[in-house]
Amino acid sequence: MRDFEYEAPASVAEAVKILSRHNGSARPLAGGTDLIDQIRTGRHAPQVVVDIKKIPELSVLELTAGGLRLGAAVPCYRMYGDPRISAAYAALADSARIIGGIQIQSRASVGGNLCNSGPAADSTPSLIALGAVAVIAGPAGQREVAVENFCTGPGKNVLAPGEFLVELKLPPRLPHSGSHYRRFIPRNEMDIAVVGVAASVVLDGSGEKFVSARVALGAVGPTPLFANEVGKLLAGQPVNEQTIAKAADAARAIARPIDDMRGTKEFRLHVTGVLTRRVIEESVQRARS
Amino acid sequence: MSTIDRTPAHATNGNGKPYKVIGTRPIRHDGVDKVTGRAKYGADIHLSGLIYGVVLRSPHAHAKIRSIDVSQALALPGVRAVVTHKDLREPGDRIVELGEGAVNLRHLSNNILAADKVLYKGHAVAAVAADSVHIAEQAAGLIKVDYETLPAVIDVEAAMKPSAPLLHADLFTDELGQKAKAPSNVAKHFRFEKGDIAKGFAQAKVVIEREFRTATVHQGYIEPHNATAMWNADGYITVWTSTQGSFTVRQQVAELVNAPISHVKVIPMEIGGGFGGKIRVYLEPVAAILSKRTGKPVKVLMSRADVFEGTGPTPASYIRVKLGVGSDGKITAAETYMAYEAGAYPGSPIGAGAMCIFACYDIPNGRIDGYDVVVNKPQTSAYRAPGATNAAFALETVVDEACEQLKIDPLEFRLKNGVKEGSRRVDGPVFPRIGMMETVEAVKKSEHWNTPLTGKHRGRGVASGFWFNCGLKSSASATVNPDGTVALVEGSTDIGGSRTGIAMQLAETLGIAATDVVPTVGDTDSVGYTDVTGGSRVTFATGYAAYEAARDIQRQMVERAARIWEVDAAKVSYENGGVTGPDGKRFSFKELAEQINKTGEPIVGRGTVDPEGCGGAFATHVVDVEVDPETGKVDIIRYTAAQDVGTAIHPSYVEGQIQGGTVQGIGWGLNEEYFYDAAGTMRNSTFLDYRIPTCYDLPMIDTLVVEVPNPGHPYGVRGVGEVPIVPPPAALANAIYRAVGVRMKQLPMSPPNVLKEILRKGASK
Ligand SMILES: Cc1cc2nc3c(=O)[nH]c(=O)nc-3n(C[C@H](O)[C@H](O)[C@H](O)COP(=O)(O)OP(=O)(O)OC[C@H]3O[C@@H](n4cnc5c(N)ncnc54)[C@H](O)[C@@H]3O)c2cc1C
């Protein structure tokens, strides 16, 4: 492991300045649960590590009528520790509860999970299903990117040198809506998703019809995938086994998995269908209650 | 929950008096140090002037080394030395016995630092010593190795084909004792036979023949290998290390660095697991030669990836089994073909696997063919009952299928066919008093077996297993302190609480409390020769040595009391924790201990043993699983392990061994495997992707401790550490079959592998 400099700016502007000055050789540090290990194994060799936790905006966790503001460095436990947030953004709370164990959850952030841009990141499908938008600061000011457009490849994303993620904005929860995230892992803990599926559904007043839905898939492509077609297929359809089975088939058609030590391509395709069905069913249950 | 099934005869010692210490659960002597973090492990060593070593490893599975250029590495400030194979002594083709298997010294030397060829990814090629580990790492990256890559073969069946790439041009198959004419990857083929299998199969009502494949798995000890060495200017070498045997480390280091054994002192540190993987040396000779070159103490640590890629796992295997059973449910014949991967150099545990495969059953006609095969993977090492788990997975699955076809209850099948005192194994030996049947009876009586399993996709499986255990040499010495305690020095590095189990046998013999014995694991200069902590031998053999040391103390105390009382020693006897003489004369142990230094020479007991009669161990396990038929994921609902332990000296550590072994067997059965890509590169050398079970994946492992005393030991001890790993994969496979109707013939039974079978079965319906 190589030595590096450590900076801890107190404002967004200062952070942008430091990141720009080092032009790609500086890396933001949120919880550090990915970054420190990546420096240790030599995958990243930054000259400067920029701790962003001292910037007030990055620790904001605010639920209002306008939705949820989630600072990029907010650790997982704060999300599932807040009953209002875990009720309204259930899929995200599901994700936060399964990222690592309790030690990891008290440091690891959803922002870091997104910026690390791993295909199997557990919170990114939930962010996509819940319609989250990434707020990015950089030398040219701030810009917003829908989370489904944020990751561009394994470990790659839209952030340009000098840019970093400030917060995530999630729209308010609609009536008769429910969401869920579930992953398949061979063990019951301490594993990386072999397949992950998040769904958010809105039902009509009767609870028998899908008004709209958003589904996202993890670990079955180079980035987390927004399964737009699955949502379109569900919208306006009655809630029943057939509709959900069709949705599961559609999800399988979108998945583009590879063979690796975590699972074969065939296995992942099959499990994508199984999980999509189970996740939609659970989201419906939550929307109804 | 745990129950101890103690036969009444055994609850008493020879005098008809119950044991005072044996069978109790005193706090372990090393407990406080371990739970407060004060115990010293190899990585905790700090010496003044210490520098750090890093090993450079091969990125290729198979390649010739054309040249190694170390000039840039040596030029880096802070670098003190770089060594390669040339710096080791060339020891020639000599075979040395390491306690749990023999090793060819030339292969060992080439494994420690590759000579002209690398044979697996992770094979050590060179080592650097520098002022900091970061400098050493950077310098290792500056060593230029010119490789000519060669095609690799990483699968036992492929390696046996005549067209396979050859690992060693000078390896000629030992074919049933004859040396083959042309080189091949098959190091050895041997055969055991009993009776007439053709006749036996002709008598069978059902004959089942199946093929099985198991993956390479690692012992997965938590503490990575480490070594610190100081080569003094006077030629004396001290090595601090994590090992299962300080004397085998002494021997290997002495051979490899060309020093007399008297010049090598090995200080065994506390050990964070070994399971057979910490017998062969890897880092110790490297640290020693780096120290010789630099004149400084050198510490070398492995990373987890180094451990997976550079140290011995246990082999992948291909096994074919054919079993014939008569209409009366009795086995008529059994035949097997077993090929085990040795890794880069010959020496897989195929011999042990072959002797274990049929050992639980009385087989009138049998034939076993075993093959030891080299492949481009790390050289395999011992792992808890080496070779037996692969074998049991194959045989016990076929046994279960036979039970199903003949509609026989699996426990009844075992009661009908299981081995007893006097049964002869296919490979020859006749069993002494053993407890196979008692383990089956214990399961049959258990609450678990008698509670019906209900629920969808659930199934119950049974399997049995055998392991030999071993005796070998041990030493102990024990000094009586004036305050009535005893300082015990013994030579077995303590992996599972053994120093306490050994101290308890000394305490029992002297009639004192276990807490009045202070045990220490000695280094090679301070205790007599002791073989490795392996083969489930420590509580048996080193316990035996402690018993002998206690008897020696008894004799000396009797003499001393006679001297004090001025009576004939023949009139004095040692009993009830003290010495009794004529006319009601009596010293308690404490009273006499206090007199020792006032009345003559110190009292030091000595025990050295090489006992025969270690007594084999049997286990029968039962497991309930639930399988998710849509994902192939197996959840274990309940697990009970019955085992004949001889005598449970410290029942908690016996249960701990049974539970630990079972859990490792479960990991091996369900998820563990070395995952290789096409180039022969291991892709999962982390505990993230090499999946040992976590506590969330396991129920409490219930133990049924069966005690059939071993007549070969003063307290009836048998080894307990290894056999519990043997039945789990087979028990799980049999449970999975009852849950979802698929027979798994491949390990691991991971979700993708199980789902594939479920989907295949669905498609064929
Ligand atoms: C034991 C263990 C278990 C784990 N289990 C899981 C799991 O179950 N599921 C899962 O998905 N992950 C898991 N992880 C991975 C990791 O914990 C998560 O990805 C976590 O969410 C990362 O957040 P962090 O705050 O620690 O990120 P950091 O490590 O601080 O950062 C991650 C990456 O994002 C960059 N970054 C961070 N913040 C910003 C920002 N605001 N703007 C721009 N770039 C930024 C960093 O430079 C770095 O490259 C595990 C890790 C460990 C060590």
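Residue numbers begin at 1 in each chain, while the letters A, B, ... track the order of the sequences.
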**Q.** Single hit among B/F675, B/F308, B/W668 for ring-ring contact (aromatic ring centres under 6.0 Å, His included) with B/Y690
**A.**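 Testing B/Y690 for a ring-ring contact (aromatic ring centres under 6.0 Å, His included) against B/F675, B/F308, B/W668 leaves exactly one candidate, B/F308.
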Please flag which part of [X] lies under 4.5 Å from any non-hydrogen atom of chain A: side chain, backbone, both or neither.
X: B/F687; answer: backbone
X: B/D697; answer: both
X: B/D635; answer: side chain
X: B/E630; answer: both
X: B/L670; answer: neither
X: B/D677; answer: neither
X: B/S750; answer: neither
X: B/L755; answer: side chain

What part of [X] gets within 4.5 angstrom of chain B, counting heavy atoms only: side chain, backbone, both, or neither?
X: A/R278; value: side chain
X: A/L275; value: neither
X: A/D260; value: backbone
X: A/R40; value: neither

Donor + acceptor pair across side chains of [X], [Y] (<3.5 Å):
X: A/Q38; Y: A/N116; value: yes
X: A/N157; Y: A/S117; value: yes
X: A/N188; Y: B/K633; value: yes
X: B/Y221; Y: B/T311; value: yes

Q. Between A/V271, A/T264, A/D191, A/I185, which residue shows the highest count of heavy-atom pairs closer than 4.5 Å to chain B?
A.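 The residue among A/V271, A/T264, A/D191, A/I185 with the greatest pair count is A/D191.
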Q) Is there side-chain contact between A/L114 and A/V110, with heavy atoms separated by less than 4.5 Å? A)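 They are not in contact (no side-chain heavy atoms under 4.5 Å apart), so the answer is no.
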Pick from [options]: which one has the most heavy-atom pairs with chain A under 4.5 Å?
options: B/R691, B/H134, B/R683, B/K756; answer: B/R691
options: B/L688, B/V133, B/L759; answer: B/L688
options: B/N684, B/N671, B/N753; answer: B/N671
options: B/T694, B/T631, B/V634; answer: B/T631

Ion pair present between [X] and [Y], side-chain N to carboxylate O less than 4.0 angstrom?
X: A/R277; Y: A/E281; result: yes
X: B/D306; Y: B/R304; result: no
X: B/E341; Y: B/K377; result: yes
X: A/D94; Y: A/R182; result: no

Q.
If you take the centroid of each ring, where Trp contributes its six-membered ring, are A/F184 and A/F267 closer together than 6.0 Å?
A.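 Centroid distance A/F267-A/F184: below 6.0 Å, so yes.
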